[in-house]
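Order of listing sets the numbers, starting from 1, for every ligand and every atom in it. Throughout, residue positions are numbered sequentially from 1 according to the sequence presented.
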Amino acid sequence: MKERISIIGVPMDLGQMRRGVDMGPSAIRYAGVVERLEGLHYEIEDKGDIKIGRPNREEESSSSNNLRNLKAVSEGNLKLSEQVDEVIQSGSFPLVLGGDHSIAIGTLAGVSKHYKELGVIWYDAHGDLNTGDTSPSGNIHGMPLAVSIGLGDETLTKIGGYTPKVKPENIVIIGARSLDEGEKELIKEKGIKVYTMHEIDRLGMTKVMEETIHYLKERTDGVHLSLDLDGLDPHDAPGVGTPVIGGISYRESHLAMEMLAESDIITSAEFVEVNPILDEKNKTATVAVALMGSLFGEKLL
Ligand SMILES: NC(=[NH2+])NCCC[C@H](N)C(=O)O
Ligand SMILES: [Mn+2]
Ligand SMILES: [Mn+2]
């Protein structure tokens with residue numbers, strides 16, 4: 001892992017309907033992310049927050065493409081992609097704090113320029129593989145993984161000036177338990193590797209992570225971790241906008257992060273969907289920071 005970590009906050013809440021997730025970066029900072037990682041002897045640079053515009057009501061309501069707030073979401077993601085690109089160029093590790101999951105579009109647009117065969121671990125209850133055509137909600141936070149493999153509206157797929165960002169065979173989804181019909185079809189059609197809760201129960205997290213790490217090590221030259229806090233069970237991470245019961249536990253998640261730290265394959269990361277308004281005393285942000293600790297090598301002894 002690199003010695004310097006650059007934190008980028010993205011106060012984005014326009015990729016879904018529940019306000020408050022724009023305060024995620026503040027909640028994560030308040031939970032002590034900088035101190036925690038400094039304690040692990042990294043040099044931390046907090047780049048502050050990307051400015052996210054407000055949607056123009058008229059413009060958005062006149063568009064009929066099933067992509068809510070498309071303009072403001074794509075503009076925010078363009079700025080994010082530029083920041084992430086700069087951070088990597090400066091030799092630092094980009095750690096992006098969300099914000100709803102639509103920001104993965106910008107993160108991946110910035111990261112992927114630097115790798116020929118970028119791998120992605122998508123730790124999430126959802127597949128986020130919808131397009132405007134398949135989305136039941138029109139919420140762009142349900143679309144970033146599809147966008148990153150080049151599917152969906154050009155305004156999103158072209159961010160960064162190239163498409164696609166990731167090959168479907170370089171993706172591993174972990175924790176899935178809520179997939180829309182179109183997403184299920186896409187997973188089969190593209191051969192995307194998925195560990196649903198069924199496989200996690202059956203194999204155990206140790207085996208799931210061993211297989212994931214082995215799989216990605218063989219075929220990629222960098223791996224981005226996109227961790228949606230709703231991948232965890234809502235008991236452990238209640239402050240999320242689209243909770244789904246029966247999720248990955250706090251313990252299993254720590255184990256997963258520790259195994260990633262040992263493997264040394266992660267080259268960028270983002271933690272998304274922390275919504276302090278829906279949270280219980282900042283529990284979800286605190287869990288996010290604890291997981292970052294493990295991801296960056298924290299050990300008890
Ligand atoms: N990043 C997330 N929390 N995504 C939830 C997506 C939910 C649903 N599949 C949709 O497309 O609307
Ligand atoms: Mn999710
Ligand atoms: Mn997600």
Side-chain angles (χ1 to χ4, degrees), residues 10-22 24-25 65-70 73 76-77 80 96-108 120-149 151-153 156 165-166 171-187 192 194-197 200 224-248 253 256 269-279 284-285 287-288 291:
V10 193
M12 166 71 79
D13 67 344
L14 303 173
Q16 46 81 62
M17 303 282 262
R18 306 183 75 168
R19 304 284 75 85
V21 67
D22 56 324
N65 49 14
N66 199 31
L67 297 153
R68 184 171 287 108
N69 303 324
L70 176 60
V73 169
N77 273 297
L80 172 59
V96 177
L97 312 179
D100 73 58
H101 216 163
S102 68
I103 67 171
I105 296 170
T107 306
L108 284 168
V120 172
I121 296 178
W122 200 267
Y123 201 91
D124 201 325
H126 308 96
D128 294 344
L129 282 163
N130 278 307
T131 62
D133 296 332
T134 64
S135 171
S137 61
N139 292 333
I140 298 178
H141 82 153
M143 309 182 190
L145 200 49
V147 168
S148 300
I149 60 173
L151 302 175
D153 195 284
L156 299 171
K165 275 56 177 191
V166 192
I171 295 171
V172 182
I173 299 176
I174 297 175
R177 54 194 182 279
S178 171
L179 296 170
D180 299 315
E181 284 314 311
E183 297 184 299
K184 291 180 193 169
E185 277 166 34
L186 199 59
I187 285 169
I192 297 175
V194 185
Y195 292 96
T196 68
M197 289 314 297
I200 297 174
H224 174 67
L225 170 67
S226 196
L227 191 146
D228 183 330
L229 268 295
D230 73 28
L232 277 79
D233 191 88
H235 177 80
D236 294 323
V240 297
T242 49
V244 188
I245 61 164
I248 307 172
S253 299
E270 74 201 324
F271 286 74
V272 303
E273 296 283 344
V274 173
N275 186 331
I277 292 206
L278 303 172
D279 207 2
T284 306
V287 166
L291 294 179

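- Nearest to atom 11 (O) of ligand 1 among the protein's heavy atoms is N130 ND2, 2.9 Å.
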- Task: Evaluate side chain to side chain donor-acceptor pair (under 3.5 Å) for D124 paired with H126, printing each intermediate quantity in order.
- Result: CA-CA 5 Å; D124 201 325; H126 308 96; 3.3 Å; yes
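- Contact record, M143 with L67: SD-CD2, 3.3 Å, taken as the closest heavy-atom pair.
- Between the side chain of E273 and the backbone N or O of G98 there is no donor-acceptor pair closer than 3.5 Å.
- The distance from the CG atom of L229 to the CG atom of L291 is 7.0 Å, given to the nearest 0.5 Å.
- Polar contact check, D228 against ligand 1: a nitrogen or oxygen pair lies under 3.5 Å apart.
- Residue contacts with ligand 1 for M143 are absent, since no atom lies close enough (heavy atoms, distance under 4.0 Å).
- Protein heavy atom at the shortest distance from atom 7 (C) of ligand 1 is H126 CD2, 3.9 Å.
- Listed for the E183 side chain is a donor-acceptor partner under 3.5 Å among the backbone atoms of L129.
- For the side chain to side chain contact (heavy atoms under 4.5 Å, CB included) criterion with V10, the lone passing option out of T107, N77, L80, D22 is L80.
- For the Mn ion (ligand 2), the count of nearby protein N/O/S atoms, taking only those under 2.8 Å, is 5.
- Within the listing of ligand 1, atoms 8 (C), 9 (N), 10 (C), 11 (O) sit less than 4.0 angstrom from a heavy atom of D180.
- If you look at D128 next to ligand 1, the close heavy atoms, those under 4.0 Å, all belong to the side chain.
- Separating the CG atom in N130 from the NE2 atom in H141 is a distance of 9.5 Å, to the nearest 0.5 Å.
- Side chains of H235 and D233: no donor on one and acceptor on the other come within 3.5 Å.
- Which parts of ligand 1 touch H101 is read off a 4.0 Å heavy-atom cut-off, strictly below it: atoms 1 (N).
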- Task: Give the C-alpha distance, both sets of side-chain angles, the deciding distance and a yes or no for side chain to side chain donor-acceptor pair (under 3.5 Å) between E270 and H101.
- Result: CA-CA 9 Å; E270 74 201 324; H101 216 163; 4.5 Å; no
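- Taking any N or O of N139, backbone or side chain, none lies under 3.5 Å from an N or O belonging to ligand 1.
- The D230 neighbourhood of ligand 1 comprises atoms 3 (N), with distances under 4.0 Å to a heavy atom of that residue.
- Paired with V240 under the rule side chain to side chain contact (heavy atoms under 4.5 Å, CB included), one option of D279, L232, D230 passes, and it is D230.
- Residues N66 and D133 are not in side-chain contact: their nearest non-hydrogen atoms beyond the backbone lie 4.5 Å or more apart.
- Ligand-side atoms of ligand 1 in range of G142: 6 (C), 11 (O), range being under 4.0 angstrom from any heavy atom.
- Both the backbone and the side chain of H141 come within 4.0 Å of ligand 1, counting heavy atoms alone.
- Across every non-hydrogen atom of D100 and L14, the tightest pair is OD2-N, 3.3 Å.
- Ranking the protein heavy atoms by distance from atom 12 (O) of ligand 1 puts S137 OG, 2.5 Å first.
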